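Here is the structure we will look at.
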2 protein chains.
Amino acid sequence: MAGHGARGRSGRRPTLEEVAARAGVGRGTVSRVINGSPRVSDATRAAVEAAVAELGYVPNTAARALAANRTDAIALVVPEPETRFFAEPYFSDMLRGVGAELAETEMQLLLIFAGSDRERRRLAQYLAAHRVDGVLLVSVHAGDPLPDLLAQLEIPAVISGPRSEDETLPSVDSDNHGGGRSAVEHLIARGRTRIVTITGRLDVYGAQRRAEGYRAALRDAGREVDEALIAPGDFTEEGGHRAMTHLLAHCPDLDAVFAESDVMAAGARQALREAGRRIPDDVALVGYDDSVIARHMDPPLTSVRQPIEGMGRAMIDLLLHEIADDRPAASRALDRRQVVLPTELVVRDSS
Amino acid sequence: MAGHGARGRSGRRPTLEEVAARAGVGRGTVSRVINGSPRVSDATRAAVEAAVAELGYVPNTAARALAANRTDAIALVVPEPETRFFAEPYFSDMLRGVGAELAETEMQLLLIFAGSDRERRRLAQYLAAHRVDGVLLVSVHAGDPLPDLLAQLEIPAVISGPRSEDETLPSVDSDNHGGGRSAVEHLIARGRTRIVTITGRLDVYGAQRRAEGYRAALRDAGREVDEALIAPGDFTEEGGHRAMTHLLAHCPDLDAVFAESDVMAAGARQALREAGRRIPDDVALVGYDDSVIARHMDPPLTSVRQPIEGMGRAMIDLLLHEIADDRPAASRALDRRQVVLPTELVVRDSS
DNA sequence: AGGTACTGTGGGAGCGCTCCCATGGATGAT
DNA sequence: ATCATCCATGGGAGCGCTCCCACAGTACCT
């Protein structure tokens with residue numbers, strides 16, 4: 001596989017210059033062939049390719065990076081401790097999409113965790129050294145200084161889940177609004193009349209959008225939106241339990257719950273059990289994320305699925321464009337690239 | 001944090017040369033300071049450090065890599081599909097150890113999956129380009145050509161789990177022999193008399209060692225080793241079930257089972273259940289790996305734990321030495337570095 | 001006083017590539 | 001036949017660093 005021709009134990013790797021000599025052409029021409037420039041005659045190209053094969057030539061990445069001022073590497077930055085990274089299937093799905101899309105290219109993917117302060121300092125140093133051509137940002141919390149740092153260093157970046165309506169970074173997101181709407185439309189179609197919702201942390205933009213989707217679905221069905229039926233959660237199981245308990249107290253005749261994350265749905269389910277409500281007979285329950293717990297819940301939970309792998313692919317797509325785009329950053333900011341991917345409602349027994 | 005002094009929107013990063021000019025010294029001196037050479041006077045060092053801070057200087061990695069012929073990066077190569085990587089806590093633990101040990105250094109860790117043929121070709125290309133200073137190999141199967149490729153390219157590497165008694169690569173392993181022995185000694189201490197074992201795939205060196213540990217423990221207790229009590233498994237749940245069924249048929253009076261992996265223990269447990277044997281009353285059961293399933297089994301499984309995080313640390317240790325060691329590979333091969341870490345028996349209700 | 005040894009320092013050379021300008025031959029228009 | 005154009009091609013310059021040799025200065029011996 002590797003180790004053609006004369007090389008092997010020599011230890012020295014052939015250089016462009018040597019390939020050029022062997023092929024009887026100049027250095028520039030070999031470079032053009034290696035980089036797939038069209039400005040090379042077929043005969044010359046063939047000769048160079050033969051020389052490359054004979055010598056087992058492999059370009060020196062460091063030299064290329066130095067001369068061309070690019071690294072051919074991009075980083076997937078995860079501002080979470082590694083533990084969460086492994087625990088949540090979200091990241092693994094995302095990684096699969098990113099990896100698949102990147103396989104087409106010569107780009108190398110780096111996985112960087114920035115959960116602790118120490119790791120974040122390291123990351124800052126790393127970015128300052130421009131060791132990557134671009135950055136993929138996942139699960140960034142509001143107020144995180146990372147996006148600004150990237151902008152200041154003028155490093156192309158794409159964020160998953162815009163931080164607000166007017167996110168300045170190119171972003172990829174699933175259709176939270178549509179997802180929330182589809183959950184509620186489903187409940188309406190099932191004949192439910194008193195539909196409540198448990199929202200996520202409203203400083204997360206996506207959570208707001210889900211809640212707005214809830215409202216939109218009700219309005220479109222000609223129903224009135226009762227703000228008392230909307231309880232804020234915080235994406236945790238306890239939060240879901242608390243919100244559900246609150247809702248049951250203030251609105252005992254509810255017959256459907258849209259929990260805006262599966263984890264909160266698990267908390268809500270517990271609270272409903274404690275209140276003696278049966279699922280789905282007395283109360284229908286719909287979650288969001290279609291995570292593992294959705295499938296394993298009793299009864300299995302209807303949930304809104306996001307196309308996470310597709311989001312990963314889309315992020316790479318955007319980022320590669322961003323990197324290729326060598327216009328000054330100022331004008332680039334004009335065409336805000338925001339990709340929104342559709343969600344899918346996965347109906348199970350809970351509704 | 002980043003973006004001191006004049007830099008920021010300029011786009012151009014300061015170079016060594018500029019730092020030198022600013023500090024009123026030569027290029028070489030700045031390089032010495034940056035690289036922590038002791039051959040610099042305190043006054044000069046201070047001046048250079050000030051200039052570095054003022055200019056916000058960050059070394060250019062590509063230039064350094066080119067000039068010094070090193071990359072300051074090492075790769076953790078996982079010859080498995082990503083799915084398994086995320087599924088098995090083994091990798092996550094390993095990664096934690098590796099990351100912790102590496103945090104002390106300037107080294108950058110790359111995670112490379114080589115599950116598919118395509119990925120393997122990519123990896124070969126990657127290694128041929130010498131894009132890393134060293135490689136960490138985990139869960140390598142017998143017959144894998146990767147170790148040879150690394151040897152041929154003269155890339156320092158460390159393997160977790162030697163492939164045989166005379167592994168040529170530096171390796172880190174847990175004490176499989178001692179682990180197997182401790183499991184059986186425990187069963188003996190508990191008063192069990194007819195102890196059987198289900199081995200792993202015997203083409204895996206570690207599996208052989210565990211089985212030998214079983215034999216050693218029996219011999220040391222003055223008991224005779226009956227080869228009929230040893231059934232080969234294959235590390236799968238079905239294999240464990242099959243082996244257990246076989247053992248029950250041929251040795252109905254067995255009162256203890258040492259399954260050489262937790263997964264096989266799960267299979268064995270099922271077979272014991274089907275045969276109406278109670279655990280631990282009729283039959284004691286011990287597994288190996290102390291994986292998640294051990295804790296969650298009914299009854300919770302006694303199991304042999306390997307210090308995986310520690311193994312990760314040890315691998316980095318070995319590898320960094322290997323990299324620092326610039327003696328020719330031939331003489332280096334003489335001092336085979338093999339680290340073996342002790343295991344720990346975690347006793348639960350199954351024994 | 002001269003010699004030796006060491007220490008801190010400056011700067012040339014060179015790592016292997018890309019970028020770009022210059023060159024020369026082929027092609028087509030006049 | 002003449003000139004402008006258009007390739008394909010060669011090779012100089014330079015990317016930012018490390019390595020190493022040379023040199024001045026100081027210290028300590030004869």
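Only heavy atoms go into these numbers, but all of them, side chains included; no hydrogens, no water, no symmetry mates. Sequence lines set the chain letters: A, B, ... in the order given, protein chains first and strands last, and positions in each chain run from 1. Here the structure is a predicted model, which is why all the values come from computation and not from measurement.
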Review point. Between D:dA8 atom P and A:D42 atom CG, what is the distance in whole Å?
Key: 9 Å

Check your understanding: What is the distance from CG of B:N69 to P of D:dG16, rounded to the nearest Å?
Key -> 20 Å

Review point. Salt-bridged, B:R120 to B:D117, with N to O below 4.0 Å?
Key: no

Check your understanding: Rounding to a whole Å, what distance do you find between A:E17:CD and C:dG14:C1'?
Key -> 13 Å

Review point. Side chain of B:N60: nearest nucleotide among D:dT18, D:dC17, C:dG16?
Key: D:dC17

Exercise for review: Please determine, for the side chain of B:A67, which listed nucleotide (D:dG10, C:dG16, C:dC15) has the closest atom?
Suggested key: C:dC15

Study note, to complete from the structure: Taken to the nearest whole Å, CZ/A:R39 to P/D:dG10 is 15 Å

Review point. In whole angstroms, how far is the C1' atom of C:dC19 from the CZ atom of A:R70?
Key: 12 Å

Check your understanding: Counting only side-chain N and O atoms of B:T29, is one of them less than 4.0 Å from OP1 or OP2 of C:dG10?
Key -> yes

Review point. Rounded to whole angstrom units, what separation is found between the CD1 atom of B:I34 and the P atom of D:dT18?
Key: 8 Å

Review point. Are OP1 or OP2 of D:dG10 and a side-chain N or O of A:R27 less than 4.0 angstrom apart?
Key: no

Check your understanding: Is the phosphate of C:dT18, meaning OP1 or OP2, less than 4.0 Å from a side-chain N or O of A:N35?
Key -> yes

Revision key, fill the gap. Picking from D:dG10, C:dT9, C:dC17, the nucleotide nearest the side-chain atoms of B:V40 would be C:dT9

Study note, to complete from the structure: Side-chain atoms of B:T44 come closest, of C:dG8, D:dT18, C:dT18, to C:dG8

Practice item. Using a cut-off of 6.0 Å, state whether more than 12 heavy atoms not belonging to A:E106 lie near its atom CD. Key: no

Point to revise | Protein-nucleotide distance (B:L16, atom CG; C:dG12, atom P), rounded to Å | key: 15 Å

Exercise for review: For the side chain of B:L66, starting at C-beta, report the closest nucleotide among C:dG11, D:dG16, D:dA13.
Suggested key: D:dG16

Practice item. Please tell me which of A:P59 and B:G28 maps to the more 5' nucleotide of DNA chain C, matching each residue to the nucleotide holding its nearest heavy atom. Key: B:G28

Exercise for review: Check whether the ring centres of B:F86 and A:F85 lie less than 6.0 Å apart, and answer yes or no.
Suggested key: yes

Practice item. Flag yes if more than 12 heavy atoms outside A:N69 fall under 6.0 Å of its CG atom; otherwise flag no. Key: no

Practice item. Go through C:dT18, D:dC17, C:dG10 for me and flag the one nearest to the A:S31 side chain. Key: C:dT18

Check your understanding: Taking only side-chain nitrogens and oxygens of B:R64, does any of them come within less than 4.0 Å of OP1 or OP2 of D:dT18?
Key -> yes

Point to revise | Under-4.0 Å side-chain N/O to phosphate OP1/OP2 contact, A:S41 with D:dT9 | key: yes

Exercise for review: Indicate yes or no: does B:R12 engage B:E18 in a salt bridge with an N to O separation below 4.0 Å.
Suggested key: yes

Practice item. Quickly work out the B:R32 CZ to D:dC20 C1' distance and round it to whole Å. Key: 10 Å

